[in-house]
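Order of appearance sets the numbers: ligands from 1, and atoms from 1 within every ligand. Here, residue 1 is the first one in the sequence, and each next residue gets the next number.
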Amino acid sequence: MSRTANTLTRISPSALRRALDPVSRRLLDAAVQATEATGTLLWAVGGPVRDLALGRPVRDLDLATATDPAPLAEAIAARLGATVHTEPRFGTASVVIDGHRLDLAATRTEHYVRVAALPSVRLSATIEADLARRDFTVNAVALAVTGSGRGQVIDPFGGLDDLAAGRLRILHSVSYHDDPTRLWRAGRLAARLRLLPTSETVTAQALAIAFRYFDAVSPRRLWREFALAAAEPRPGAAFALLHAWGVLAATHPSLALTSEASRALAYRRGPLDPALVLAVLLAQRPDEERAAAIARLGAPRSAARAAEDAARVLAAAPDPDSLDTLTAATTDARLAALWLDPARQRDLQSALRRWERTRPHLTPVVLRALGVPLGPALGRALAELRRERYLANVRSAATARNHIRARFVSEGTSR
Ligand code: ATP
Ligand code: MG
């Protein structure tokens, strides 16, 4: 990796303002102004500081404060006419305006009692202690935006050096034990920012997988991570890393990438619908394995349906019975099958188009005139004529008439 520390953009409150979209900039300005009377300390933390350092656009603004964020959020909202949501129990608040959101959190320490347990939180910590509870060094950085220390960069773990060198590093060896979903976060971050895990991070990942830490994570949390990975700008790269590290197989063995699935996702641009990615991962699996993986991930009904339909589409043959299944499949399912099996799916798609264009040689009026009774028989006769025409067993209206007389008209009713 050729990045060096001095290729990072200078990190300062004014550089942060410039990197924000106009609405988020107004939110930041209002936050800074609202602290002037009270002297509240405020830091930009994690993602925004990291992305600013890389010269990437800063999308969402996370601020930490040493005090209760609720009154501050109210003051910001009052200035801008924005909406406030507060979670007093968690010491968090957010301000929303025009679809943009400012997140405020009281600095805190967290304590994990067992694998994947939600942490017990203690508020009123120093900013350094707050950074120490985070996932990777590149996210454990803060920039003071108010107070006498304004402009100070707090980087206790060497996150900016790691960022410059392209390294992904956990903060401590039991990080994945505390929260195994950080492995999924690692895959997203490494793919997005082209970071390489350090050797201690790789070892910790291998241990987390060997000791099956994922078993303790709820389906709801797993699906959230899965959907976030699908939404990455380079989802194929994220899933390839998660596969290579064994994270997919540890989440559920059937999620491991087949060579077709890996090719199917490579170079796709995100964000992708998680249902589509799930369909790509599971379409080639046997029914029971697919169902088990869907249950483990807590995938919603629509995503489960995409995976099931994709399996049916992959197994379909270009005959009328299969083609009807294909017509009923969701768009995600058809796309997943096409990505997994391009050549055959193109043949199948043209068969499908031909099937959709095929009309019976005879109309219902003609069938009635031939003596086919009204009711289900008429429908069956039309379906059979369509099918026989598609299969080229019946090639003209005259043959179609003979076919109907032979199969649908009893002696004496035929005219
Ligand atoms: P993105 O650009 O994906 O939003 P981000 O770094 O802002 O990246 P968020 O999910 O918004 O990521 O989280 C905000 C910050 O909270 C992170 O930068 C990180 O410091 C911390 N964080 C989030 N999830 C975890 C976790 N599971 N364990 C530890 N720290 C976390
Ligand atoms: Mg964020």
Heavy-atom closest pair, residues L143 and G151: CD1-O, 3.7 Å
Ligand-residue contact atoms, ligand 1 with G46, heavy atoms, under 4.0 Å: 18 (O)
Minimum-distance atom from the Mg ion (ligand 2) among N, O or S atoms of D60: OD1
For ligand 1, the portion of D179 having any non-hydrogen atom under 4.0 Å away: side chain
Closest approach of any protein heavy atom to atom 30 (N) of ligand 1, naming residue and atom: D135 N, 3.2 Å
R59: numbered ligand 1 atoms lying under 4.0 Å from its heavy atoms: 2 (O)
Over 12 foreign heavy atoms within 6.0 Å of CZ, R101: no
Heavy-atom nearest option to atom 21 (C) of ligand 1, drawn from R56, R50, R134: R134
Nitrogen or oxygen atoms of T181 and ligand 1 under 3.5 Å apart: no
Atom 7 (O) of ligand 1: the protein heavy-atom neighbour that sits closest, reported with distance to 0.1 Å: G47 CA, 3.6 Å
Pairwise distance CD(E289) to CG(L282) - rounded to 0.5 angstrom: 9.5 Å
R380 to F408 six-membered ring, cation-pi geometry met (6.0 Å, 45°): no
Side-chain heavy-atom pair D179, R221 within 4.5 angstrom cut-off: yes
Within reach of ligand 1, part of L189 (heavy-atom separation under 4.0 Å): neither
Enumerated ligand 1 atoms positioned under 4.0 Å from heavy atoms of D62: 7 (O), 11 (O), 14 (C)
Derivation of the side chain to side chain donor-acceptor pair (under 3.5 Å) call for R305 and T330: CA-CA 8 Å; R305 159 123 201 257; T330 64; 5.9 Å; no
Where ligand 1 meets R192 - atom numbers and elements under 4.0 angstrom, heavy-atom basis: 1 (P), 2 (O), 3 (O)
Stacked cation flag R263 on W339, 6.0 angstrom / 45 deg: no
Least distance between heavy atoms, V45 atom then R134 atom: CG2-NH2, 3.9 Å
Residue selection (non-hydrogen contact nearest atom 9 (P) of ligand 1) among R182, R185, R133: R185
Atoms in ligand 1 flagged as close to R188, the criterion being non-hydrogen separation under 4.0 Å: 3 (O)
Per atom 18 (O) of ligand 1, closest listed option by heavy atom (D60, L61, L228, N139): N139
D51 N/O under 3.5 Å from ligand 1 N/O: no
F239 ring center within less than 6.0 Å of F226 ring center: yes
Residue R344 excluded, over 12 heavy atoms near CZ under 6.0 Å: yes
